[in-house]
Every structure is written in C-alpha cells, then in structure tokens.
Amino acid sequence: MTEFETAVVAVLKGLGDGEVLTYGEVADEAGFPGAARAVGNLLRTCDDDLPWWRVVAAGGYLKAGETSRQAEILRSEGVRVEKNRVKV
DNA sequence: CCCCTGACTAGAA
DNA sequence: TTTCTAGCCAGGG
C-alpha cells in the first residue's frame with residue numbers, strides 16, 4: 001500500500017452523502033496534485049470499498065459507459081444530475 | 001532501466 | 001467548439 005493509495009482511500013472514505021469530487025480534486029486533497037490519472041487507475045483496480053460513484057471527471061462529467069448507473073446512485077444521494085453530468 | 005497504457009487535467013492551436 | 005500536447009502517478013511488459 002503506497003502513500004498515494006492510502007491518502008486517496010482516506011479522502012474517498014471521508015466523503016459523505018452528496019459529496020462529489022473530481023479526480024483532480026481527490027488527488028489534490030490526497031496531497032498529489034496532478035495525479036488524477038493515478039486516482040482513476042486506483043479506482044479501476046481497487047474498487048472494493050471505495051465510493052467510486054462520487055468521483056467524476058473535471059466539469060462534473062460522469063464515467064463513460066456507466067453514466068446511467070452512476071447518475072442513479074448520485075441522484076439517490078441527493079445530487080442533482082443533468083444530462084450525464086453533475087450539476088454544480 | 002525504458003516504454004506504453006490508463007476511470008485525468010489544463011492549456012494551446 | 002473540437003483536437004492535440006505536455007504533465008502528473010502507478011503498474012505491467
């Protein structure tokens with residue numbers, strides 16, 4: 001478990017209902033600004049207990065291919081979603 | 001050790 | 001507005 005993983009996991013586990021962050025924000029909060037790709041890679045490989053649906057691309061765009069499912073979950077948590085993207 | 005890939009981002013053309 | 005480039009971290013060949 002690298003520091004990066006630990007930090008990112010900590011940030012994700014700290015998210016509450018309705019809390020949505022972008023990959024870049026997660027990386028920044030974890031202390032690795034610019035490591036957005038690594039965040040995505042981590043969620044892709046270790047998606048065990050991580051709330052992946054609360055992580056979206058820059059601009060609030062949802063994950064391609066599963067925008068439907070993600071949008072549903074987000075809406076159920078009180079997040080306003082419009083046209084496959086989180087409303088700010 | 002080097003190169004490529006990936007649920008990414010920001011800036012330039 | 002759309003496309004491309006460079007930069008970021010980690011993992012695999």
Side-chain angles (χ1 to χ4, degrees):
Chain A
M1 201 61 133
T2 64
E3 277 183 66
F4 175 75
E5 293 179 46
T6 308
V8 172
V9 171
V11 172
L12 294 179
K13 291 198 178 241
L15 294 176
D17 289 13
E19 289 283 331
V20 179
L21 296 179
T22 67
Y23 294 91
E25 286 178 310
V26 173
D28 186 43
E29 283 293 315
F32 292 77
R37 293 185 94 154
V39 174
N41 191 19
L42 180 64
L43 283 173
R44 162 173 211 203
T45 57
C46 316
D47 52 7
D48 300 309
D49 301 323
L50 306 177
W52 59 269
W53 58 89
R54 293 183 194 163
V55 183
V56 300
Y61 291 94
L62 304 181
K63 177 186 174 322
E66 305 211 32
T67 54
S68 218
R69 193 160 53 169
Q70 185 169 17
E72 255 182 283
I73 303 175
L74 288 175
R75 278 182 310 189
S76 71
E77 294 197 348
V79 179
R80 186 199 261 274
V81 181
E82 265 187 35
K83 300 248 196 277
N84 298 339
R85 87 176 203 126
V86 175
K87 180 123 172 93
V88 186

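Note that the coordinates shown come from a computational prediction; the quantities given were computed from them, not determined experimentally. To find a chain, count down the sequence lines: A is the first, B the second, and so on, and within it residues start at 1.
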Novice: At their closest point, which heavy atom of Q70(A) faces which heavy atom of K63(A), and how far apart are they?
Specialist: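 The answer is OE1-N, 3.0 Å.
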
Novice: In whole Å, I'd like the distance from the CG atom of L42(A) to the P atom of dT5(B).
Specialist: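 L42(A) atom CG is separated from dT5(B) atom P by 21 Å.
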
Novice: Of the residues in residues 49-63 of chain A, which ones touch DNA chain B at a heavy-atom distance under 4.0 Å?
Specialist: W52(A), A57(A), A58(A), K63(A)

Novice: Does some side-chain heavy atom of V8(A) sit less than 4.5 Å from a side-chain heavy atom of L43(A)?
Specialist: no

Novice: How long is the straight-line distance from CG of L12(A) back to CD of E29(A), given to the nearest 0.5 Å?
Specialist: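 Those atoms lie 11.0 Å apart.
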
Novice: With rounding to whole Å, what would you report as the distance between dA7(B) and dT2(C) at their C1' atoms?
Specialist: 22 Å

Novice: Rounded at 0.5 Å granularity, tell me how far OG1 in T2(A) sits from CZ in F4(A).
Specialist: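 Reported value, rounded in 0.5 Å steps: 7.0 Å.
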
Novice: How close or far is atom P of dC8(B) from atom CZ of R44(A), stated in whole angstroms?
Specialist: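 Distance, rounded to whole Å: 10 Å.
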
Novice: In the structure I gave you, are the side-chain heavy atoms of L21(A) and V56(A) within less than 4.5 Å of one another anywhere?
Specialist: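 The answer is no, as the side chains (C-beta and beyond) never meet within the 4.5 Å cut-off.
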
Novice: Give the rounded distance in Å between these two atoms: CG of D28(A) and P of dC8(B).
Specialist: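 Going from CG in D28(A) over to P in dC8(B) covers 18 Å.
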
Novice: Indicate for each nucleotide in nucleotides 6-13 of chain C, in 5' to 3' sequence, whether protein heavy atoms under 4.0 Å reach the base (B), only the sugar-phosphate (S), or nothing (-).
Specialist: -BBBBS--

Novice: Once salt bridge (charged side-chain N to carboxylate O under 4.0 Å, His left out) is applied, do any residues pair with R54(A), and if so which ones, sequence neighbours excluded?
Specialist: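 Once residues adjacent in sequence are excluded, the partners of R54(A) under the salt bridge (charged side-chain N to carboxylate O under 4.0 Å, His left out) criterion are D17(A), E77(A).
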
Novice: Rounded to the nearest 0.5 Å, how far apart are OH of Y61(A) and NZ of K83(A)?
Specialist: 12.0 Å

Novice: Say you draw a straight line from CD of E3(A) to CZ of F32(A); how long is it, rounded to the nearest 0.5 Å?
Specialist: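 E3(A) CD to F32(A) CZ: 5.5 Å, rounded to 0.5 Å.
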
